[in-house]
Asks: 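Quick one: the structure is below, questions incoming.
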Amino acid sequence: MENQKNLQIYNSLSGKKEIFEPLHENHVGMYVCGPTLYSEPHMGNMRTFINFDLIYRYLLHLGFKVKYVRNITDAGHITNSAGNEEDSIGKAARLEQMQSLEIVYKYNVKFQDLQRIYNLLPPSIEPTATGHIQEQIEIIEQIIENGYAYSVNGSVYFDTKRYMQDFNYGILSGRKVDELENETRSLNAQDEKRFFADFALWKKANADDMQIWRSPWGNGNPGWHIECTAMSTKYLGKHFDIHGGGMDLKFPHHEDEIAQSCGSFGCNPAKYWMHANMLNVNGQKMSKSFGNYFLPKEIIEGTTSLFKKAYPANVLRFFMMQAHYRSTLDFTETALDAAEKGFSRLTDGLNLIEKLTVSETSSIDVNSIVASFYTAMNDDFNAPILIASLFDAVRQINLINDGNATISESDKDLLESEMNNFLFDVLGLEIATTNNDSKLNPVMDLVLDLRQQARTNKDWTTSDKIRDGLAAAGIVVKDGKEGTTWS
RNA sequence: GGUCUCGUGGCCGAGCGGUUAGGCACCGGUCUGCAAAACCGUCUACUCCGGUUCGAAUCCGGACGAGACCUCCA
């Protein structure tokens, strides 16, 4: 397929857009860092998963066979290295008076639910950290054997200094270890680490840890970053195509993954590193600690105090697709309202295609419109440009509908199928479900029929009374050329 | 403090050396009993100061402002 060869991806590793050349022709291996399930994912978390869903969908659309692995972190990571050694899941478990795996199960059910609501395609596999303890231990052993890690007191640390003699620590994030030093040193005064930049691969268990595993170094927990190395290696191999995640994982998480892979297998695990940018609220990153977050379900149900009304998942997804995945995106009420109207214009246009009258020839260039869809997405998954092109197509459709342009039958079929492909399969949007309340429908038919009679009789008082009364009940009546509709 | 990113019209948001981004709002028009809706059209911006260039929102330097990472984080 021609378009497969024109795809360009921005590689965080090189800082440039590169032609995408998969390691194995026609196959793509993609790993994305998933959520830590100690609480319900917020909208910012969802944006990253939605963006990688877009990427997954477009790769599939291009005809690649994609193996998409997104992990679930169900082993708590130590919250910090400055003395407080409580893990995030254990902490949630204590607060909610549950077992750790109960917490994970509870939030995973919610997470799976959100994926359906936001129309995310399920990954090929969603492996869990706790299901791969053995694999993690084996990789740690290999790193030790290669001389890039050491064990102290039941814990194992990555030997950054030793590693830097053979590899470039900071290759992804551009960080220089020397520059990190001053700030961090004081925090780790009593640390077991030999060097401040060393990070834990295995952590000795605390007496009150809820999750403890056996290892060659004694009972303990896996370190911060090793799970992703273990699971990506297991399902995709030592070297695969794409590794993705949120921008905030670039350092240290992804940098350390690279170090672990190089330290055990001698190579960077992924050819292309992709980072999705953050979701902002009023110019600031959405995060639990800032308190400026809301849950993906709250905004659909209209129960967050940040917004006056509820928005359908489709609209939210469309809104996010209007910004490029590598840009930050500001969530504001006016922007969401704008997206809602824009999306409905787009779907109205699409619904119009099948009703168009066809002509012998086309006055519009359908091939170049369709080509622009591919050009947009091939340029590092530029969904905003794709959407602009779709709007352009809608304008043409409306012109044809108004008799100011023509389209041939074959062009109509092409445009219809490609617009469907891009809007639904690639962008993952679905046409908003229309009202089909079986009890309300006949009532509305009756009421609108009565109103139409009044209008025919020029009884404006009655017809407006019906319209206003319905409006008060939340039903909007629209008089169009083809008759009256309601919603 | 260190590293890095960004500053686009009323709002959101593309563009990354020369060509209309797009959506929403506003305004004008078509349609309509009126209204709404729908459709068409209009609106021409790049924080500031220097520099490079025939030409800069786009490259370079500086100022100011905002944000991210350096600690769990999508």
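In what follows, every chain begins at residue 1, and chains take the letters A, B, ... in the order their sequences are listed.
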Asks: Measuring only the P atom in each nucleotide, how far is B/C6 from B/G62? A whole number of Å is fine.
Replies: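 Their P atoms lie roughly 16 Å apart.
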
Asks: Can you check the A/L329 CG to B/C6 P distance for me, whole Å?
Replies: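 That distance rounds to 17 Å.
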
Asks: Determine, for A/Y38 and A/K91, whether the Lys NZ or Arg CZ falls below 6.0 Å from the six-membered ring centre while staying within 45 degrees of the axis.
Replies: no

Asks: Sequence neighbours left out, what passes ring-ring contact (aromatic ring centres under 6.0 Å, His included) with A/H132? Give chain and number order.
Replies: A/Y235

Asks: With rounding to the closest Å, how many angstrom separate the P atoms on B/U20 and B/G28?
Replies: 27 Å

Asks: Please list, chain by chain and in numerical order, all residues satisfying side-chain contact (heavy atoms from CB on, under 4.5 Å) with A/N404, sequence neighbours excluded.
Replies: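 By the side-chain contact (heavy atoms from CB on, under 4.5 Å) rule, A/N404 matches A/L399, A/D402.
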
Asks: Below 4.0 angstrom from OP1 or OP2 of B/G33, is there any side-chain N or O of A/N457?
Replies: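 For B/G33, neither OP1 nor OP2 has a side-chain N or O of A/N457 closer than 4.0 Å.
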
Asks: Could you measure between the two C1' atoms, the one in B/G65 and the one in B/C27, and give it in whole Å?
Replies: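 Straight-line distance between the two C1' atoms is 33 Å.
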
Asks: In whole Å, what is the span from the CG atom of A/L346 to the C1' atom of B/G13?
Replies: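 Nearest whole value for this atom pair: 16 Å.
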
Asks: Test your reading of the model: is there a side-chain donor-acceptor pair from A/T347 to the backbone of A/F343, 3.5 Å cut-off?
Replies: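 Yes, A/T347 side chain to A/F343 backbone: donor-acceptor pair under 3.5 Å.
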
Asks: Could you tell me the separation between the NZ atom of A/K478 and the C1' atom of B/U32, rounded to a whole number of Å?
Replies: 16 Å

Asks: Measure CG/A/D330 against P/B/A68 and give the value in whole Å, please.
Replies: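 So the two atoms are 11 Å apart, to the nearest Å.
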
Asks: Expressed as a whole number of Å, how far does the C1' atom of B/A63 sit from that of B/G13?
Replies: 27 Å

Asks: Going by the side chain to side chain donor-acceptor pair (under 3.5 Å) test, name the single residue among A/E192, A/K193, A/R194 that passes it with A/Y157.
Replies: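 Passing option: A/E192.
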
Asks: From C-beta outward on A/N382, which listed nucleotide comes closest to its side chain: B/C34, B/G15, B/C12?
Replies: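 Ranking B/C34, B/G15, B/C12 by closest atom to the A/N382 side chain puts B/G15 first.
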
Asks: Rounded to whole angstrom, note down the P distance from B/U53 over to B/G7.
Replies: 25 Å

Asks: On RNA chain B, nearest-nucleotide positions of A/D379 versus A/S287: which is more 5'?
Replies: A/D379

Asks: Heavy atoms only, 4.0 Å cut-off, all strands: where does A/H324 land among base, sugar-phosphate and nothing?
Replies: sugar-phosphate

Asks: Under the side-chain contact (heavy atoms from CB on, under 4.5 Å) rule, collect the residues that match up with A/Q452, sequence neighbours excluded.
Replies: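 Checked A/Q452 against side-chain contact (heavy atoms from CB on, under 4.5 Å); matches are A/R455, A/T456, A/T484.
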
Asks: Closest-nucleotide mapping onto RNA chain B: is A/M286 or A/A323 further toward the 5' terminus? I mean the 5' end.
Replies: A/A323

Asks: Using side-chain contact (heavy atoms from CB on, under 4.5 Å) as the criterion, list what pairs up with A/P312, not counting sequence neighbours.
Replies: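 A/P312 satisfies side-chain contact (heavy atoms from CB on, under 4.5 Å) with A/V315, A/E340 only.
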
Asks: Report the relative orientation of the aromatic rings in A/F199 and A/F158; use parallel for angles under 30°, tilted for 30 to 60°, perpendicular for over 60°.
Replies: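 Correct class here is parallel.
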
Asks: With the sugar-phosphate defined as primed atoms, P, OP1 and OP2, and the base as all remaining atoms, what B/S/- string results for nucleotides 21-27 of chain B, 5' to 3', for protein heavy atoms under 4.0 Å?
Replies: BSBSS--

Asks: Please enumerate all residues that pass side-chain contact (heavy atoms from CB on, under 4.5 Å) together with A/N367, with sequence neighbours excluded.
Replies: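 Expected list: A/D365, A/L414.
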
Asks: Not counting sequence neighbours, which residues clear salt bridge (charged side-chain N to carboxylate O under 4.0 Å, His left out) with A/K110? List them please.
Replies: A/E40

Asks: Considering only residues two or more places apart or on different chains, which pairs with a residue in residues 382-401 of chain A satisfy salt bridge (Lys or Arg N to Asp or Glu O under 4.0 Å)?
Replies: A/D392-A/R395

Asks: What's the CG-P distance between A/L352 and B/A37, to the nearest Å?
Replies: 18 Å

Asks: Tabulate atom names and distances for all N/O pairs under 3.5 angstrom spanning the protein and nucleotides 65-67 of chain B.
Replies:
none

Asks: Output the rounded distance in Å from CG (A/D380) to C1' (B/A14).
Replies: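 In whole Å, B/A14 C1' lies 13 Å from A/D380 CG.
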
Asks: Expressed in angstrom and rounded to an integer, what is the separation of A/H254 atom NE2 from B/A68 atom P?
Replies: 19 Å

Asks: For A/D53, enumerate each residue passing the salt bridge (charged side-chain N to carboxylate O under 4.0 Å, His left out) test, keeping only those at least two apart in sequence or located in another chain.
Replies: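 A/D53 satisfies salt bridge (charged side-chain N to carboxylate O under 4.0 Å, His left out) with A/R57, A/R317 only.
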
Asks: Taking Watson-Crick and G-U wobble pairs with both distances under 3.5 Å, convert RNA chain B into its dot-bracket string, 5' to 3', dots for unpaired and | for cross-strand pairs.
Replies: ((((((((.[[[)....(...]]]..((((.......)))).....[[[[[..)....]]]]])))))))....

Asks: What about A/R467, does its side chain sit under 3.5 Å from the base of B/A35 through a donor-acceptor pair?
Replies: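 Such a pair exists between side chain and base.
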
Asks: What is the separation between atom CG on A/D464 and atom P on B/C34, rounded to the nearest whole Å?
Replies: 11 Å

Asks: With heavy atoms under 4.0 Å as the rule, sort A/T485 into base, sugar-phosphate or nothing.
Replies: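 Nothing, no nucleic acid heavy atom in range.
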
Asks: Starting the side chain at C-beta, find the nucleotide from B/C70, B/C39, B/C34 nearest to A/N398.
Replies: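 Comparing B/C70, B/C39, B/C34 against the side chain of A/N398, the answer is B/C39.
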
Asks: At 4.0 Å (heavy atoms only), tell me whether A/F319 reaches a base, stays on the sugar-phosphate, or touches nothing.
Replies: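 If one applies the 4.0 Å heavy-atom cut-off, A/F319 turns out to touch the sugar-phosphate alone, with no base involved.
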
Asks: With A/F319, which residues qualify under ring-ring contact (aromatic ring centres under 6.0 Å, His included), at least two apart?
Replies: A/F331

